[in-house]
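We count ligands from 1, going down the list as the structure has it; atoms in each ligand are counted the same way.
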Amino acid sequence: MKTSSTSSTQAIPQTGDAPVHVAIIMDGNGRWAKQRMMPRTAGHVRGVQAVRRTVEACGHRGVRYLTLFAFSSENWRRPQQEVSLLMRLFVQALEKEVDKLIEQGVRLRVVGDLGAFDSHLRGLIHEAERRTEHLSALTLTIAANYGGRWDVLQAMRRLLAAHPELAGRPDELDESALDPYLAMAYAPEPDLFIRTGGEQRISNFLIWQLAYTELYFTRTYWPDFGAAELDEAFEWYRGRERRFGRTSEQLKAH
Ligand code: IPE
Ligand code: IPE
Ligand code: MG
């Protein structure tokens, strides 16, 4: 039996501090609106305010990477009117919010299969990324038309395109060979995952990168999320013991 490690997940981050990378599935906009007899789209509009609050709160707490799932590769299945409104909100946010991000030292990045968006939206994304690329207090990643399976597949395709010789020698492929080709290769793996809205599933978010992430679920609907809810999640996170396969005693001796 092997005694050495072949896992690419090695480091033991300190959980005593704020998480370095927080990844959030912003869920529950539709139910928030339904509860108030409002159209689902009203929930998305309010959801934008929660994004603003969360970005600011993460900045104040020293989080370095915040990743928000805004639109999944499966969300195209929603009614066309809802999809159009989500696209409009995305365009509006890119038009109106970038100056504020710059003031806060936030670098914006968008990951996902962006080819599906129209050229106006793609242009705005490109421009916002360019205007913030010198900033580093917090890196805000918006996952748009993103799917974890898409990410693994596109990484594999790009890896093989760059190293065609590996196709004939698959045994030489290891986990860390894929990492530089993943859409979020610039960030460490998430320390804390938060899903609002009460569902306890990953919904094809960062499936590769969440392998050892602490998973936190709250019933709070996304439009109600803010600094206080973030602090609750951080409090819970601080109480976790991240073992990465080791024993509790090994960690104490570390
Ligand atoms: C999350 O809220 C927003 C997106 C998926 C874009 P939902 O719209 O999924 O809200 P629920 O889950 O139906 O309440
Ligand atoms: C996940 O939420 C995607 C986003 C928040 C963008 P969904 O509401 O689409 O997930 P399911 O369908 O409940 O799994
Ligand atoms: Mg949902």
Item checked: Atoms in ligand 1 with a heavy atom of H44 nearer than 4.0 Å -> 3 (C), 8 (O)
Check: Judged by modelled atom types alone, do Q35 and R31 share a side-chain donor-acceptor pair under 3.5 Å?
Finding: no
Note to self: If you define the side chain from C-beta out and look only at heavy atoms, does anything of E232 sit under 4.5 Å from T218?
What the structure shows: no
Check: Do T139 and R109 come close enough that some side-chain heavy atom pair is under 4.5 Å?
Finding: yes
Next item on the list: State plainly whether the residues E74 and R77 are in salt-bridge range, i.e. N to O under 4.0 Å.
Entry: no
Next item on the list: Name the orientation class of the two ring planes belonging to W150 and Y146 (parallel below 30°, tilted from 30 to 60°, perpendicular beyond 60°).
Entry: perpendicular
Item checked: Residue from F217, Y212, Y216, F69 passing ring-ring contact (aromatic ring centres under 6.0 Å, His included) with F193 -> F217
For residues 84-96, dump all side-chain donor-acceptor pairs below 3.5 Å to protein atoms at least two apart in sequence or in another chain.
unit_1, atom_1, unit_2, atom_2, d
S84, OG, Q80, O, 2.8
S84, OG, Q80, NE2, 3.2

Do any side-chain atoms of residues 54-62 form donor-acceptor pairs under 3.5 angstrom with protein atoms, and if so which ones, sequence neighbours left out?
unit_1, atom_1, unit_2, atom_2, d
T54, OG1, A50, O, 2.7
R61, NE, D231, OD1, 2.6
R61, NH1, A57, O, 2.9
R61, NH2, D231, OD1, 3.4
R61, NH2, D231, OD2, 3.0

Note to self: Quick one, V98 and L124 - any side-chain contact, counting heavy atoms below 4.5 Å?
What the structure shows: no
Notebook entry, point to check: Hey, which protein N/O/S atoms does the Mg ion (ligand 3) have under 2.8 Å?
Noted result: D27 OD1
Item checked: S248 and E241 side chains, donor-acceptor separation under 3.5 Å -> yes
Notebook entry, point to check: Looking only at heavy atoms of R40, does any of them come nearer than 4.0 Å to an atom of ligand 1?
Noted result: yes
Item checked: Those protein residues which place at least one heavy atom below 4.0 Å from ligand 2 -> I25, M26, D27, F69, A70, F71, S72, N75, R78, R195, R201, S203
